[in-house]
Structures are given as C-alpha cells and as structure tokens.
J.: 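The structure under discussion is supplied below as structure tokens; questions concerning it will follow.
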Amino acid sequence: MDKIVQFVQKSEHNATAVAIFGAIGVAVVALKALSFLKVLVDVFLRSGINLKKYGAGRGGWAVITGATDGIGKEFAFQLASKKLNIVLVSRTESKLKAISEELEQKYSIETKYYAMDFAKGADEDYQGLQQLLTPLEVTVLVNNVGTNHDIPTPFEQESDKVLKDIIEININAAMKMTKIVVPQMVSRKNGLIINLGSFAGLVPTPFLSVYSGSKAFLSSWSQAIGAELAPKGVHVQNVNTYFVVSAMSKIRRANLLIPMPKPYVKSVLGQIGIPGGASTPNTSTPFYSHAIANWAIDNIFSRGYWVNHNYNLQVDIRKRALKKREREAAAAKSQ
Ligand SMILES: NC(=O)c1ccc[n+]([C@@H]2O[C@H](COP(=O)([O-])OP(=O)(O)OC[C@H]3O[C@@H](n4cnc5c(N)ncnc54)[C@H](OP(=O)(O)O)[C@@H]3O)[C@@H](O)[C@H]2O)c1
C-alpha cells in the first residue's frame, strides 16, 4: 500500500515538474516569438523620428565622412533630398566638387566640401574642418568613413599600416568628428549622430580581427555616449550593417541579404530611433533582412557558434582571394 502511495506521490511530483518546465518552455518560446514579431513590426510598420527634428528644411547641415562613394554618397543624396544642407568629406577633391555641384542643382540646397585623408590623422586637417563647420548649424553627423583589411588575413601576418589605418579611420575619425560637432549640438539641445557599424562588430570575425574590433568599439562607444548625450538632446545611433553592394564589400550584385546603398540608406533614415533587429541601446539594424539575421544571431545558437561560422566563412573567402591574387599575378607576368 505504502509503495502505491509513494508511487502516486512521485507521479504527482513528476507531473508538477513536467507542468512547471513545460510552462517555462512555453513562456520562453512565446517571448522569443514576441521579440521576433517586434522586429517585423519595427522594420515593416514603424516610422522613425522625422528628419525635420534635425533641421531638415530649416537650414540644418549634415556632415558626412566618406561621402563620395557607396553608402556615404547615398547618405549625401538622401539627406539632401530631405532638404538638409550637406558637407561632404573624403579624399578626392574632384569627386567632392562634382557631387557637391550635382546636389546643389538637383535639390536646391547649399553644400560645402573638404578634402582630407583620415588615415593621416593630421591635427591641421581636423582644425581646418572645424573652422569650416563652426559657423554652420550642424544638426546631423554621419560617421561613415571606414576601411577594412584588404583580404581576410591572420592577425600576425597583417601589415602594421593596415592595422594603423583601421584604427585611425574607423575609430579615431569617428571620435574626432564627434568632438568637433557635439558642443554645438549640445548647446542647441538638438543633434543626430549616425555611426556606421557592422555585423563584424556584433560577432567577432576571425581574419578581419582589427576591423571587427574597430566596429565593436563603435558599438560600445555609441551606447556609452548615447546615454551621455540623450539628456542633452543629441541622439546617437550605431547602425548594424551586414553586407551592402559597394567598392569596400567588393560585392557587385544585390540580393535579398545584400542591398544596394539606396534601399539600405533609406531604411537607416526611415528608422531613426527604432532598433529594428538590434538588441542593444542606441543601435539599429534597420534593413529588413539584416534585422532578421541580427535577431537570429542574438536568439539562435551560442555566440561561439557564430564566431566559428565567421571563421569558416573567412577561411573560404581568404582561399578564393589568394587564388584571385595568384591569377592576377600570373596574368601580369604574361603581359
Ligand atoms: N559595404 C558593406 O558591405 C559594409 C558592411 C558593413 C559596414 N560598412 C561600413 O559602411 C561604411 C561605408 O562603407 P562603403 O562600403 O560605402 O565604402 P566605400 O564604397 O568603399 O566608400 C568609401 C568612401 O570613403 C572615402 N574614403 C575612403 N578612405 C578614406 C580616407 N582615408 N579618408 C577620407 N575618405 C576616405 C572614399 O572616397 P575617396 O576614395 O575619394 O576618399 C569613399 O567616399 C564603412 O564604415 C564600412 O565599414 C560597409
């Protein structure tokens, strides 16, 4: 009889445990499903802060670094189309002048441009840029300029020049540009700073280790200064970018996961203040397929799994890049 009572009690305990764990399981799955639904609502249904808040159509100026090609050039055109005046910054004066003239003609806005090489990190270049920007009402800064390892390379084999350039262009330029414009944004209690982040900053990327670290810096720094500057009226947004067709990505054709700069930048500017697929503060993953990928990285498998995924991906890219180099060297020899 005792044994039967014990068996019944044990069964009741087991049933209670199964019910508790079942309920926890259902709650976890429901929360995950809700967080996924929120990503879809963010990227397909919500609209971000209107750029009019940041001086569009009211004489505000947007400063864009790396503004003559790829994503930066697209920022220049789309911000100009919203009636922000534009300051373009990159190295090649002829390209700056041509884009500047095109923007003025097409959108009836004012433009200025400034040629400098961020890799040099020269104080006099930043001082000259500060002189240009001080009299303007700068309401938007897009820290877009960036550089990467030429091909995936083991850290110990990478040239010191490449490592120095990545730090100077991806990290120091963003900090120095922000230091130039933030005081005037704070004094007006209004400003928007967009930093061009990368999935390489979200998941450490072997063989692009210093680029990956530089984008992780941007992510962490954006969250930290975002909290500092929010009470002062300045919104900071790090945008998590997967691949976009551009010279830097060396990708020429768009697909579902790899947009052209135009739809990509449209998604960024349409979702100011909205996280999309991002799960950290002051961060946005606005392009729909990137947002879903960001959600998957945060919610499916461990971070170790994704680092390993990146390792295998970069090993493969490196192999193909080295073969391409060999082919090019052989072709050059035979000429
Ligand atoms: N494309 C992607 O798949 C992807 C993915 C994740 C993140 N991102 C980020 O998005 C940003 C823009 O990338 P992108 O693909 O649009 O690049 P891109 O097409 O190669 O354009 C780079 C721009 O920066 C300028 N630039 C390059 N080096 C410079 C330097 N040392 N000093 C001043 N200007 C310089 C270039 O003009 P000049 O040559 O005339 O100077 C050009 O206007 C970067 O921060 C990148 O890390 C891109």
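Below, all heavy atoms of this structure are taken into account, side chains as well, without hydrogens, waters or symmetry copies. Order of appearance sets the numbers: ligands from 1, and atoms from 1 within every ligand. All of these numbers come straight from a predicted model, not from anything done at the bench.
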J.: Which protein non-hydrogen atom lies closest to atom 43 (O) of ligand 1, naming both residue and atom, and how far is it?
T.: Thr68 OG1, 2.8 Å
J.: Measure the spacing between CD of Glu74 and CG of Asp69 and express it to the nearest 0.5 Å.
T.: 11.0 Å
J.: Between Val244, Ile258, Ile71, flag the one that comes closest to atom 48 (C) of ligand 1 by a heavy atom.
T.: Ile71
J.: Which residue and non-hydrogen atom of the protein lie closest to atom 40 (O) of ligand 1, and at what distance in Å?
T.: Thr92 OG1, 2.5 Å
J.: So is Ala173 close enough to ligand 1, meaning a heavy atom under 4.0 angstrom away?
T.: no
J.: Would Thr241 count as being in polar contact with ligand 1, using the rule that some N or O on each side must be under 3.5 angstrom apart?
T.: no
J.: Are Glu328 and Lys323 within salt-bridge range, i.e. N to O under 4.0 Å?
T.: no
J.: With a 3.5 Å distance limit and no angle check, can you tell me whether Thr92 reaches the backbone of Ser94 through a side-chain donor-acceptor pair?
T.: no
J.: How are the rings of Trp221 and Phe217 set relative to one another: parallel (under 30°), tilted (30 to 60°) or perpendicular (over 60°)?
T.: parallel
J.: In Å, rounded to the nearest 0.5 Å, how long is the span from OG1 of Thr68 to CG of Leu88?
T.: 8.0 Å
J.: Lys215: heavy atom below 4.0 Å from ligand 1, yes or no?
T.: yes
J.: Which option out of Phe75, Phe118, Tyr114 puts a heavy atom nearest to atom 32 (N) of ligand 1?
T.: Phe118
J.: Can you find a protein heavy atom closer to atom 25 (C) of ligand 1 than 4.0 Å?
T.: yes
J.: Are the charged groups of Lys164 and Asp160 less than 4.0 angstrom apart, N to O?
T.: no
J.: In ligand 1, which numbered atoms sit nearer than 4.0 Å to a non-hydrogen atom of Ser249?
T.: 1 (N), 2 (C), 3 (O)
J.: Report yes or no: does Phe199 have a heavy atom closer than 4.0 Å to ligand 1?
T.: no
J.: Taking 4.0 angstrom as the limit, do Asp150 and Lys250 come out as a salt bridge?
T.: yes
J.: Looking at Phe44, I'd like to know if its CZ atom is crowded, meaning that more than 12 non-hydrogen atoms belonging to other residues, nucleotides or ligands lie closer than 6.0 Å.
T.: yes
J.: If you have a sec, work out which protein heavy atom is nearest atom 31 (N) of ligand 1 and how many Å separate them, to one decimal?
T.: Asp117 OD1, 2.8 Å
J.: Tell me whether the rings of Phe287 and Tyr264 are parallel (<30°), tilted (30 to 60°) or perpendicular (>60°).
T.: tilted
J.: Just need the protein heavy atom nearest to atom 14 (P) of ligand 1, so name the residue and atom and give the distance.
T.: Ser246 OG, 3.7 Å
J.: Report the part of Ile169 (side chain from C-beta onward, or backbone N, CA, C, O) that has a heavy atom under 4.0 Å from ligand 1; answer both or neither where that applies.
T.: side chain
J.: Answer yes or no for Met116: is there a heavy-atom contact with ligand 1 below 4.0 Å?
T.: yes
J.: N/O of Ser198 under 3.5 Å from N/O of ligand 1, yes or no?
T.: no
J.: With heavy atoms of Gly146 as the reference, note each atom of ligand 1 found under 4.0 Å away.
T.: 44 (C), 45 (O)
J.: Are the charged groups of Glu93 and Lys97 less than 4.0 angstrom apart, N to O?
T.: no
J.: Please lay out, stage by stage, how Phe207 and Tyr311 fare under the test ring pair (Phe, Tyr, Trp, His ring centres under 6.0 Å).
T.: CA-CA 7 Å; Phe207 305 107; Tyr311 180 97; 5.2 Å; yes
J.: Applying a strict 4.0 Å limit to heavy atoms, is Thr147 in contact with ligand 1?
T.: no
